[in-house]
Structure formats: structure tokens, C-alpha cells
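Below, chain A is the first sequence line, B the second, and so on; all start at residue 1.
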Amino acid sequence: MNKPLRRVAIFCGLLVLALLVRVNWVQFVQGDELKNDPHNRRVAIERYSTPRGNIIVDGKAITGSSTTDSGDFKYKRTYKNGKMWAPVTGYASQAFDANQLEKLNDGILTGTDDRLFFSRTVDMFTGSKQKGGNVVTTLDAKAQKAAFDGLGKQKGAVAAINPETGAILALASTPSYDPSTFAGMSNKDAEAYNALQKKNNPDEPMLNRALRQTYPPGSTFKVVTAAAALENGLYNDVDSSTRSPLPYTLPDTSGIELKNEGNIPCKNATLREALRVSCNTVFGKISADLGNKKMKAEAEKFGFNDPGINTPVRASESIFPEDNRPQNAMAGIGQASNRATPLQMAMVASAVANHGKLMKPYMVDRLVATNLNVVQQHTPQEMSQPLSPENAQKIQSMMETVVKSGTGTNAQIPNVTVGGKTGTAQHGENNKDNPYAWFISYAKTDKGTPVAVAVVIEGSDTLRDDIAGGKLAAPVAKHVMQAVLEGEK
Amino acid sequence: MSSTTNTTTIGTIGAPSRRNTELAMLIFAVLIPVFAYVNVGLAKDGSVPAGVLGYSLGLGLLAGVAHLVVRKWAPYADPLMLPIGTLLNGLGLIFIWRLDQEPSLGKAMAPNQLMWSTFGVALFLGILIFLKDHRVLQRYTYISMVVALVLLVAPVFFPGVNGAKIWITIPGLGSLQPGEFAKIIIAIFFAGYLMVKRDALALASRRFMGLYLPRGRDLGPILVIWALSLMILVFETDLGTSLLFFGLFVVMLYVATERTSWIVFGLLLSAGGAVAVATFESHVQTRVHNWLNPLELVNGGVTETAQAMYSFGSGGILGSGLGQGYSRLILGIAPKSDYILATVGEEIGLAGLMAILMLYGLLIERGIRTALAARDPFGKLLAIGLSGAFALQVFVVAGGVTGLIPLTGMTMPFLAQGGSSVIANWALIAILLRISDTARRPAPAPAPSTDAEMTQVVRP
């Protein structure tokens with residue numbers, strides 16, 4: 001009976017071997033994957049077992065941590081003026097994970113990032129508890145406050161950039177939400193979170209409109225169209241006639257006319273005049289004359305059709321479409337399938353203001369460890385050169401005319417050169433929904449150009465003409481620019 | 001077999017009894033759990049737990065008494081089985097006590113487990129003292145069969161727990177898992193039956209398609225057992241026990257008859273049975289589904305299967321340290337019994353888990369070695385049956401918890417919480433020790449023959 005016994009022995013050995021191989025597979029090969037699986041509650045327990053690092057604006061933390069007694073989790077996130085900063089910080093919730101800066105820099109904030117290895121090791125030897133590092137942002141608290149207060153109860157967004165570096169100075173979105181209300185994991189937190197969801201709240205307070213919502217840019221896009229005209233040599237002098245007819249019929253259509261808002265002097269207007277009063281006919285014709293390819297190429301230099309604009313929070317892709325001629329003419333005045341995020345339009349203004357050079361927008365200046373060692377430092381990067389400096393100069397002078405004596409007079413700031421462009425984008429089929437009021441601008445002093453802003457306000461239901469952008473959005477932009485300029489002094 | 005290798009068979013040269021080896025290892029087997037106990041206490045509240053003295057004395061006393069009894073009544077028994085059993089049982093107590101520290105996992109179970117362990121060791125001592133020769137068990141072949149059947153069928157009349165009817169509830173005493181005892185008793189029946197029928201099964205057969213088919217009257221009981229194991233599965237939804245019994249029977253048949261065709265038969269029958277049951281038993285289907293999709297969310301929540309996998313993964317190579325894991329996350333079914341390996345994996349890591357699996361492997365290996373060394377067919381069959389059952393149980397439980405095979409409700413021998421399990425496994429060790437003692441005991445010196453006078457040298 002010994003031969004089968006030996007075989008049974010081998011069989012039993014194989015069973016044990018199979019178990020050993022299996023546990024090696026699970027604990028060694030798959031180990032990290034299982035350990036860091038988002039559904040593995042240990043990840044969350046670990047995340048909230050130490051006070052989280054902070055997100056810093058102007059040297060002050062806009063976040064904090066407080067202890068809780070809610071079961072597994074020791075600390076929860078708190079936010080100072082959460083509503084105002086939510087589009088910047090995102091949220092970190094015990095029950096609902098995290099997003100935006102909180103999520104992207106989770107490793108630094110919780111202190112588990114590999115780049116913190118050194119300070120963690122020091123902590124281990126000195127016996128102090130693991131602590132998270134900080135995220136230092138580029139934002140300007142005063143500008144953010146001006147933007148948030150300026151939007152007030154209206155639905156809309158503001159993005160402000162320093163054109164010279166690409167640093168984001170303000171990023172406001174209304175209606176907003178306070179991430180503190182659902183930072184914990186109690187039923188109250190769940191209720192607060194659910195009440196904010198789109199299906200329960202059509203206003204979508206958790207939507208980051210400055211980065212994640214695209215709108216038809218309306219007349220503000222005429223700046224890009226003008227840039228395309230100059231860059232492609234369609235026109236060279238902004239003060240000579242554009243030989244534009246009025247009325248202007250859309251190409252390839254049986255007499256569909258492109259209309260202007262009101263009775264404005266657009267026939268054979270100069271570029272400067274056309275931008276000042278916002279002529280649809282002139283810019284529609286430019287777009288049609290240049291053709292879809294050239295228009296698209298210029299828009300893409302400004303950042304359109306780029307799905308990877310990371311600030312590091314990713315901005316939604318702004319679209320300048322490939323289209324037929326009549327649609328392309330419409331896209332040239334910021335309508336049809338043309339869509340842009342507020343950040344994108346702020347980038348347009350900033351490229352013009354920065355002598356045609358577009359800097360990559362960013363909002364995290366540096367990541368620092370607990371011991372204040374800099375873990376990562378952002379250096380401003382050039383993204384593209386959509387305009388030659390000469391042409392940028394020309395467009396600047398056109399935009400400055402808009403503010404001095406055109407549709408954008410509401411953005412004037414004493415003793416400061418301001419350039420801007422208004423826009424009112426039609427919304428919905430046959431323009432039945434409330435239009436979007438836009439304003440993009442920049443402010444220049446003798447020291448430089450410290451700020452470019454884009455403002456969009458949804459639902460300006462009473463005003464449908466092109467002045468809407470000037471009336472509703474321009475004052476908000478003005479206050480943001482003023483806040484930044486005061487900080488500069 | 002060469003008569004000079006002392007471990008496999010008997011020579012007239014006395015084999016070393018190895019009792020001192022056993023004692024030395026027992027000291028480790030007691031010290032390791034005691035240190036583990038202190039470790040858990042320090043990790044949980046930063047102080048040495050109050051019960052450490054009592055626990056060390058208790059475990060030490062159990063091990064010491066067991067050792068003395070083995071020394072006296074089974075002096076040539078295998079030296080490894082008792083220390084391994086002690087170590088596994090001791091570590092099991094620590095893990096259960098550690099899980100008792102999590103209030104969300106229900107009431108404390110370690111004191112009860114310690115009591116059951118004491119009963120288990122008492123039964124172990126009783127068997128060693130009163131069962132002078134394992135061949136006595138041969139007399140109870142058919143009684144064993146009846147007892148085993150009664151034990152197996154009994155849970156049908158009691159309410160099921162967690163979807164499996166494997167318990168009988170005795171008012172005032174708690175619940176018992178008769179399957180654990182049936183495992184040993186049915187091994188006795190198989191060993192007795194097969195010892196008698198092995199020649200008939202092996203030789204009186206017709207050759208058919210390259211396989212030896214036995215005669216119907218010899219095959220009959222096998223088919224009955226097969227049907228029975230399926231019935232257990234269907235009525236009690238006890239996947240583990242039916243698999244265990246069927247595997248046990250196939251292994252013992254194969255060893256008894258030395259015919260590979262039995263293995264083929266066994267595999268065909270069990271495959272057929274498994275498929276048949278899986279098609280209409282939703283309980284089994286769920287288990288298989290969970291096995292194939294371990295990390296799947298159910299109603300947005302994480303399943304226990306996934307929680308166990310997360311435990312293993314989070315433990316990594318060295319583990320989080322005793323008392324520092326998050327075993328409380330495995331709520332629901334049996335974190336202290338079926339799923340205790342998940343806590344082991346998390347807190348002492350891959351290294352510790354492999355060490356524990358190696359201990360099981362070693363224990364199985366010693367059991368099979370006992371079977372090889374045994375001189376009587378009954379002893380061989382019984383030893384291989386018991387070690388085979390043990391091996392299958394370890395495989396089925398550990399494989400189920402780690403996701404190697406679908407999960408079945410069985411307890412990890414010695415480690416898991418459960419009175420019946422720990423008592424039955426101590427009895428199993430006792431019987432194996434008894435067989436190995438008989439096997440390794442030196443043959444009595446031949447009696448001097450009165451006929452044979454010393455050859456005289458006749459001087460001229």
C-alpha cells in the first residue's frame with residue numbers, strides 16, 4: 001500500500017503548495033493593488049487617521065482638520081469660507097472620497113506620497129506622528145473674494161490669470177457649496193451631499209463652472225477671430241475698412257442673413273470699430289473668408305480642442321469645431337458649436353495681454369513637506385504663441401477702445417489701461433433660453449500686465465443685446481482686476 | 001522496505017523515542033503564543049494584558065500534561081504532532097482573543113475556546129490512555145458507520161445558521177458541529193470496511209475501456225456514500241463536508257486497492273455531482289459567483305469575500321502587526337472562525353501566513369508518514385484517512401478564504417473558533433499519535449527458544 005500512499009503524500013504536498021502559491025499571489029503580487037483599492041476601507045481610515053495637510057492661499061490655510069468621533073475616522077476636513085474656495089479646493093469627505101486639488105494632491109496632503117519619504121523617515125525616528133504636507137496655491141484671496149461677491153446670487157463663473165506667468169489668481173463659480181457640510185460621514189453629511197447632487201438640485205452647485213463647464217463664448221470670441229485675421233494677413237491695419245457688406249448673407253445658404261445686435265454702423269467698418277460695437281457681420285465674414293481650417297488652427301493656438309489643460313485640476317476641453325462654411329462663420333462670432341470654458345476665455349485675454357504669448361495656466365505654486373521643504377515647485381511654462389507681438393499690440397489697442405468708448409465702458413478703472421470685450425451668447429434653440437453674459441479683459445499698469453479675467457453670467461434674462469456682457473459681467477471683472485492691482489501696489 | 005530505516009518500519013534496534021525533542025519543541029509552541037498574547041496587548045492598549053500569566057500557565061499546563069501522558073502511554077509516538085497542535089491551538093486562541101477586542105464583532109469567544117481546547121486536550125489524553133491499540137477500533141466498523149450517518153443527518157432537524165445546516169443545538173450547552181466528529185468516525189468505518197473488501201475491490205473486477213470496473217456489490221457502498229454526500233450538500237447546503245467526505249473516501253479507496261481507476265471514478269463522480277448540484281442550488285451558485293468576482297460590489301457595498309481579499313492585500317509581506325489590523329471590517333459571517341485566516345494574513349502578513357500553512361503541511365506530512373510506517377493495513381488506512389481529511393479540510397478552508405476555490409463553510413483546524421472543531425481535531429491527533437506509537441515501537445525481542453541450545457563447539 002506504500003506506492004499509493006506516496007502518491008497521496010505528493011498530492012497533499014501539492015495542495016499545500018497551491019495554497020502557498022495562492023497566498024503569495026494575493027499578498028505579494030496583488031498586494032498593493034488590493035491595499036490601495038478605493039473600496040478598501042483601510043485607505044480611507046489611513047487617509048483620515050492624521051490631520052490632513054492644508055491648501056494655502058496668500059500664506060494662510062483655507063482648509064483645516066478637526067477631530068471627530070465618527071467610528072473609524074479620527075480627523076475630518078474643515079474649510080474656511082468653503083463656498084468661496086470650493087472651486088479651487090474641491091472636497092475631501094470621509095464618506096464621499098475627494099476631488100480636484102484635494103484628490104490630486106492626496107498623497108502630499110495625507111503624507112503618504114513617496115516624495116515625502118525623507119520627512120516621513122525623520123518623523124519615524126523622532127517619534128512624531130505622520131503629518132501631511134501643504135499645497136501652496138497661486139490664488140489671490142482678494143481677487144477671489146471680489147469674484148465671488150461680484151457673482152453674488154447670479155449663476156456664473158470667473159477665472160483670472162496672471163498673463164505673464166499663467167498663475168491662476170481667482171477661480172469662482174456660483175452657486176457654490178460648502179465642502180464642510182459633508183466632510184464627515186454622518187447621516188447629516190449624506191443628506192447634505194445628496195441635496196447638492198444634480199438630480200436634487202438643478203442649479204448644480206458642485207459643478208465647477210470656471211473649469212468644467214463650457215459655454216458658447218459669444219462675441220468675446222471675436223478677439224480670436226480678429227487675431228486670426230491679423231495673423232493670416234487678411235487685414236493688416238486695424239483702422240482701415242474691412243470692405244464688409246451689410247446685410248451679410250451666410251455663405252452657402254439661400255439668403256440667411258447674419259444679423260447684428262441692433263442698428264450699429266458695421267458696413268465697411270474698420271476692425272477697431274467692428275470690435276468696439278461688436279459687429280457680427282464683420283467677424284462672421286472674416287471667419288468665412290479665412291475658412292474653417294485657419295480659424296481652427298488659430299483657436300487651437302489659444303488652447304481650444306485641447307483636452308489636457310491641467311491646472312492641475314483638468315479643465316474641460318473647449319471646442320472650436322471642424323464645420324461647414326455657414327456654421328464656421330457662426331463659430332467665428334462665438335456661436336454654433338463653438339464652446340469655451342471661462343478659463344479658456346481668460347487664456348485668450350491673457351495671451352493678448354502678454355504680447356501674444358500664452359502661458360500655461362496653473363494654480364499650484366508648490367508642494368511643501370511638513371518641515372517646509374519644497375517637494376515640487378512650478379515654473380511658468382509657455383504654452384504657445386498664438387499672436388506675434390505686433391499683432392498682439394494691435395488687438396490690445398482694439399480691446400482698449402472697447403473699454404474706453406465701446407460696449408465695455410463699465411470696466412474702466414481710473415489711471416489704469418483696461419482692454420476688454422463683451423459678449424452675449426445665445427443659448428438654446430432659436431435663442432429661447434436666457435443668454436450668457438460674457439466679459440473678458442485685462443488690466444495694464446506701467447509695471448506690467450498683472451491680470452486677465454473672464455467672467456460669464458448665466459441667466460441675464462432681461463437683457464438680450466450685446467450690452468448685456470458689459471452691464472452684468474464687466475463690473476465683476478473690474479472688481480477682480482482692481483483687487484489684483486491693489487495687491488500689486 | 002529496508003529494516004534499517006527506523007522511521008518507516010520496525011527493526012529490532014530500538015528507535016529513539018524523541019520525547020525530549022518533543023519537549024523542547026513544546027516549549028517553543030507555548031512561548032510563541034504567549035509572546036503573541038503580550039504583543040496584542042501592547043499593541044491594543046500599550047500594556048501587558050492582565051490575563052497573560054493565567055494564559056501562559058494554562059497553555060503550559062495543558063502542553064505539559066499532554067507531554068507527560070505521551071511520554072508514559074505513547075513513548076514512541078511522533079514528536080512533531082503535539083507541538084504543532086499546541087502551537088496552532090495557542091495561536092488560534094490569541095487571534096480569537098485579539099478579535100474579541102473589537103466590540104463590533106460580537107461577544108468574547110476566547111474564554112469559551114480555551115474551555116473547549118481544554119476539553120479537546122482531555123479527550124486527547126483519554127484516547128492515549130484508554131486506547132491501547134488502534135486496531136481495537138476495527139471492531140466497531142459498522143457501528144461507526146451508523147454513528148457517522150446519525151451525526152451527519154442530525155443537523156437536518158435543526159435550524160440552519162448562515163445558510164448552512166451544519167449545526168445541532170443542545171439547549172444549555174450551545175451548538176455542535178457533528179460533521180467534525182463524523183469526519184473521524186467515518187474514517188474509522190472506511191478503514192475497517194476497506195481492509196476487509198480491498199482484495200475484492202481490487203481484483204474481482206472487469207476490465208472496461210482500460211479501467212477496472214468493480215463488481216456491483218463492491219461498488220454499491222461507494223455509490224451510496226457518494227449519493228449521501230450529495231444529499232448532505234443538498235439538504236444541509238454544506239459544500240465543505242460533502243467534498244471532504246467524498247475526497248476522503250476516494251483517497252482511502254485508492255490507497256486500499258492501489259487502482260488508479262478509482263481516482264478517475266472519483267473525479268468523474270464528483271464533477272458530475274458538483275455540476276448537478278450547482279445547476280439547481282442557488283447557495284452554491286452564489287459561492288461560485290463570489291469566487292469568480294471577488295471584488296464585486298453588491299448593492300454598492302463591499303462583500304465579505306472582497307473584505308477578506310483586502311485584508312490579505314493590506315497585510316502585505318510582513319503584516320500590520322498583531323492587533324493592528326482592521327479585521328473588524330469583515331463583519332457578517334464568522335470573522336473568528338471561517339475567516340480567521342484573513343486576520344492572520346493581515347496581521348502577521350504573508351510571512352506569518354506561510355509559516356502557518358507550513359505548520360499544517362508539516363502536520364499532514366507527519367500523518368502520512370505515520371501511515372507509511374504503520375504495519376497493519378487498518379492502521380495505514382486510518383492514518384491516511386485522517387491525514388487526508390485534515391489536508392482536504394485545510395485546503396478547502398484556506399483555499400476558500402484566499403479565493404483559490406469557491407468558499408465553503410468549514411473551520412480552519414485548531415486556529416478557528418469552534419468547540420466541536422478543536423475537540424475533534426485533538427482526537428484526530430491522538431489517534432494519529434497512537435498509530436505512530438505502535439508503528440515506531442521496537443518489536444519485542446524474540447523470546448528465547450527452548451529448543452535451540454547454544455551450538456557447542458566440540459573439541460576433538
_Just so I know, are the side chains of A:His39 and B:Tyr310 near enough to count as touching, which here means a heavy-atom distance under 4.5 Å?_
yes

*asked:* Which atoms of A:Leu17 are under 4.5 Å from chain B, going by heavy atoms: the side chain, the backbone, both sets, or neither?
replied: neither

*asked:* Checking the side chain of B:Glu258 only, and the main-chain atoms of A:Lys3 only, is there a donor and an acceptor separated by less than 3.5 Å?
replied: no

*Does CD in B:Gln324 sit with more than 12 non-hydrogen atoms of other residues, nucleotides or ligands closer than 6.0 Å?*
yes

*Note, A:Leu19 side chain near B:Val394 side chain (heavy atom, < 4.5 Å)*: yes

*Among B:Gly313, B:Gly388, B:Gly367, B:Pro377, residue most engaged with chain A (heavy-atom pairs, under 4.5 Å)*: B:Gly313

_Toward chain B, the part of A:Asn36 with a non-hydrogen atom under 4.5 Å_ = neither

*Which one, B:Ala256, B:Ser311, B:Gly361, leads in non-hydrogen pairs under 4.5 Å with chain A?*
B:Ser311

*CG/A:Leu5 to CG/B:Leu372 distance, rounded to the nearest 0.5 angstrom?*
5.0 Å

*B:Phe312 and A:Gln30: side chain to side chain contact (heavy atoms under 4.5 Å, CB included), yes or no, with the steps?*
CA-CA 9 Å; B:Phe312 285 116; A:Gln30 287 189 317; over 6 Å; no

*asked:* If I take atom OG1 from residue B:Thr402 and atom CG from residue A:Asn24, how far apart are they, to the nearest 0.5 angstrom?
replied: 11.0 Å

*CG/A:Asn187: more than 12 non-hydrogen atoms of other groups inside 6.0 Å*: no

_Around atom CZ of A:Phe11, are there more than 12 heavy atoms from other residues, nucleotides or ligands closer than 6.0 Å?_
no

*Nearest 0.5 Å please: distance from the CD atom of A:Gln27 over to the CE atom of B:Met309.*
9.5 Å

*asked:* Can you tell me which of B:Ser387, B:Gly403, B:Gly349 forms the most heavy-atom pairs within a distance under 4.5 Å of chain A?
replied: B:Gly403

*In this structure, are over 12 heavy atoms from other groups packed under 6.0 Å from A:Lys155 atom NZ?*
yes

*chain A: which of B:Thr257, B:Leu350, B:Leu295, B:Leu297 shares the most heavy-atom pairs with it under 4.5 Å?*
B:Leu350

_Nearest 0.5 angstrom please: B:Ile405 CD1 to A:Arg22 CZ, how far?_
10.5 Å

*Output the option from B:Gly399, B:Gly325, B:Gly345, B:Ala306 having the highest count of non-hydrogen pairs under 4.5 Å with chain A.*
B:Gly345

_Pairwise distance CG(B:Leu329) to CD1(A:Ile45) - rounded to 0.5 angstrom_ = 5.0 Å

*Do the side chain of A:Arg42 and the main chain of B:Ser314 share a donor and acceptor less than 3.5 angstrom apart?*
no

*Go through the atoms of B:Val255 and report whether side chain, backbone, both or neither lie under 4.5 Å from a heavy atom of chain A.*
both

_Is the shortest side-chain heavy-atom distance between A:Val16 and B:Tyr360 below 4.5 Å?_
no

*asked:* Show the nearest heavy-atom pair for residues B:Ala391 and A:Leu15, with the distance to one decimal.
replied: O-CD1, 4.4 Å

*Kindly indicate whether the side chain of B:Leu404, heavy atoms from C-beta on, has any atom under 4.5 Å from the side chain of A:Val23.*
no

